Engineer: 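Just passing along the structure, written as structure tokens.
Position 1 is the first residue of the sequence, and the numbers go up from there. Remember, it's a predicted structure, so these values are computed and weren't measured experimentally.
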Amino acid sequence: MESIRETAGRRAVPTAVSRRRLLQMAGVGTGAVALAGCGPLSSGDGSQGDGGDSSGSQEAEIGVKPAEGTSGYDFLVGVGDKVTENHPEFTFTYTFVNTKVRPQIEQRWRAGNPPDTDYEVFNAQVPATHDFAENLLDLTPYMEEEIGAGGTWRDSFLDAAIQETELDGKIYGAVTDTHVIAMFYNIQIFEDLGITPPHTWDELLEVSSTLSEEGIDPIAVTGMYEPYMGMWVDYLFQREVGYEAARDAAFSGDYADPGYLRAAERFQALRDQGAFLDGFQGTDFTAVQMEFFQGNAAMILMGTWLSAEMKDSIPDDFQLGVVAFPQVTEDGEDNSFTSASNIMVVNKESQSIDAAIAYMRELTSAQTQTDRALEQGAVSAVEGVPGPPGVEGLDELLASAGELNYRYFGTEFVPDRHAAYYREVARFFFGEQDAAQFIDALTEAMSRDF
């Protein structure tokens, strides 16, 4: 699951640092986006492939996130092999484009010779990436074409995924896999105690109290990776005021809406109840996840990469369930999720557009996505594709998603702001602030000019 670990795990911040450097080196202000002012990226017109000929052969350079030598890489090469088998005029090479090499890939964008497809340069929910869309192929006409039996390529995706790729009526990418942040729980513990996973915040407090009385730490969380603590506060903000408002506040410092304080007070009640794993402050994320799977905590808020990431450490008889983050009111119907999606884009100056599109369509086909879920544990944004096996409730969770909202409010693209935001969250988590003090501190921190 290399692609999941690199994009949805702890190593995302270095990518953001590189991206900000890219903006600065390209001569674009930090409020604008990558390479928008750099002019044409290459001399291609999309009519003929690199090394192609007048017969229309195209060789596309596909950016991939798993490293060579991994099963994830081999799977993606197999996708291209299948395309070539059906369309011999299309061939493919593969270039690692993940976190560790982003500076080199970004240099290639500046030099005008990027891969034909890439990741980590666009998300419609992150305003800091919007100007970069002018360097990307508008996929809308391709998305409107029919594929399979009577449906369009666009129709094959969950509606919640399209909102991450559509900007001003144009689609600039395809979600090749995604992960939502949700509440995992130990089914056996809940059944033994005769309790059900919480649907509302009040139910979470009740469940937490019952678990504590039975000598079980209710919730596993790490205190050594601040954004993972922040997922709790981020979700509560999203539930109380909506995602866009909470995202905007993270960039403006405007936390005047009373919903922010209500969210903080809800969290303080859970914190003061002693709901978190004993010693979480000094326990790293891997150890915390082990504690959960060893039955020492009943719940963990984590991305749906959890089961694949920990597959070698999960006991054979462990029963893993998952539900949505609790609603804040009894009649709450907020079906939005915090998420981390991998979005594949196409360089609009590519000379191998047809080959790139053929690859993307095969990769996002229902059959390939199903195979990837079963073989690689990947989570799909394509309609009708089952979730990875072994997690009760995951299929229902994905089917219920009304919105997939980008994790951390996109602060990763401004590393200093990202660090300042989650530093205040950590102080609140550790009991250094009460709810009102936390909101005041967050207001001051996010009002700075980063």
Engineer: For a quick check under 3.5 Å, do Thr140 and Asp138 share a side-chain donor-acceptor pair by atom type?
Structural biologist: yes
Engineer: Which of parallel (below 30°), tilted (30 to 60°) and perpendicular (above 60°) describes Tyr225 and Phe285?
Structural biologist: perpendicular
Engineer: Is it the case that the ring center of Phe292 lies less than 6.0 angstrom away from the ring center of Phe318?
Structural biologist: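 So the answer is yes for these two rings.
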Engineer: Just one of Glu164, Arg247, Glu412 clears the side-chain hydrogen bond (donor to acceptor under 3.5 Å, both in side chains) bar with Tyr406, so which one?
Structural biologist: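 Among Glu164, Arg247, Glu412, the one meeting side-chain hydrogen bond (donor to acceptor under 3.5 Å, both in side chains) with Tyr406 is Glu412.
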Engineer: Can you confirm whether more than 12 heavy atoms, excluding those of Asp81, are under 6.0 Å from its CG atom?
Structural biologist: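 Atom CG in Asp81 is packed in, count exceeds 12.
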Engineer: I would like to know whether Asp155 and Thr152 meet side-chain hydrogen bond (donor to acceptor under 3.5 Å, both in side chains); could you show each step before the answer?
Structural biologist: CA-CA 5 Å; Asp155 291 339; Thr152 66; 3.0 Å; yes
Engineer: Is the backbone N or O of Leu363 less than 3.5 Å from a side-chain atom of Arg372, with the two atoms forming a donor-acceptor pair by type?
Structural biologist: no
Engineer: Strictly distance-based, threshold 3.5 Å: is any side-chain N or O of Thr368 a donor or acceptor partner for the main-chain N or O of Thr364?
Structural biologist: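 Not a single qualifying donor-acceptor pair exists.
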Engineer: Answer with yes or no after comparing the ring centroid distance for Phe429 and Phe267 against a 6.0 Å cut-off, counting only values under it.
Structural biologist: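 Yes; Phe267 has its ring centre under 6.0 Å from that of Phe429.
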Engineer: Can a donor-acceptor pair be found, under 3.5 Å and without considering hydrogens, that links the side chain of Glu444 to the backbone of Gly253?
Structural biologist: no
Engineer: Just by distance, with hydrogens left out, do Asp234 and Tyr421 show a side-chain donor and acceptor under 3.5 Å apart?
Structural biologist: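 There is such a pair between these side chains.
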Engineer: According to the interplanar angle, ranging from 0 to 90°, do the rings of Tyr94 and Tyr73 count as parallel (below 30°), tilted (30 to 60°) or perpendicular (above 60°)?
Structural biologist: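 Ring orientation of Tyr94 relative to Tyr73: perpendicular.
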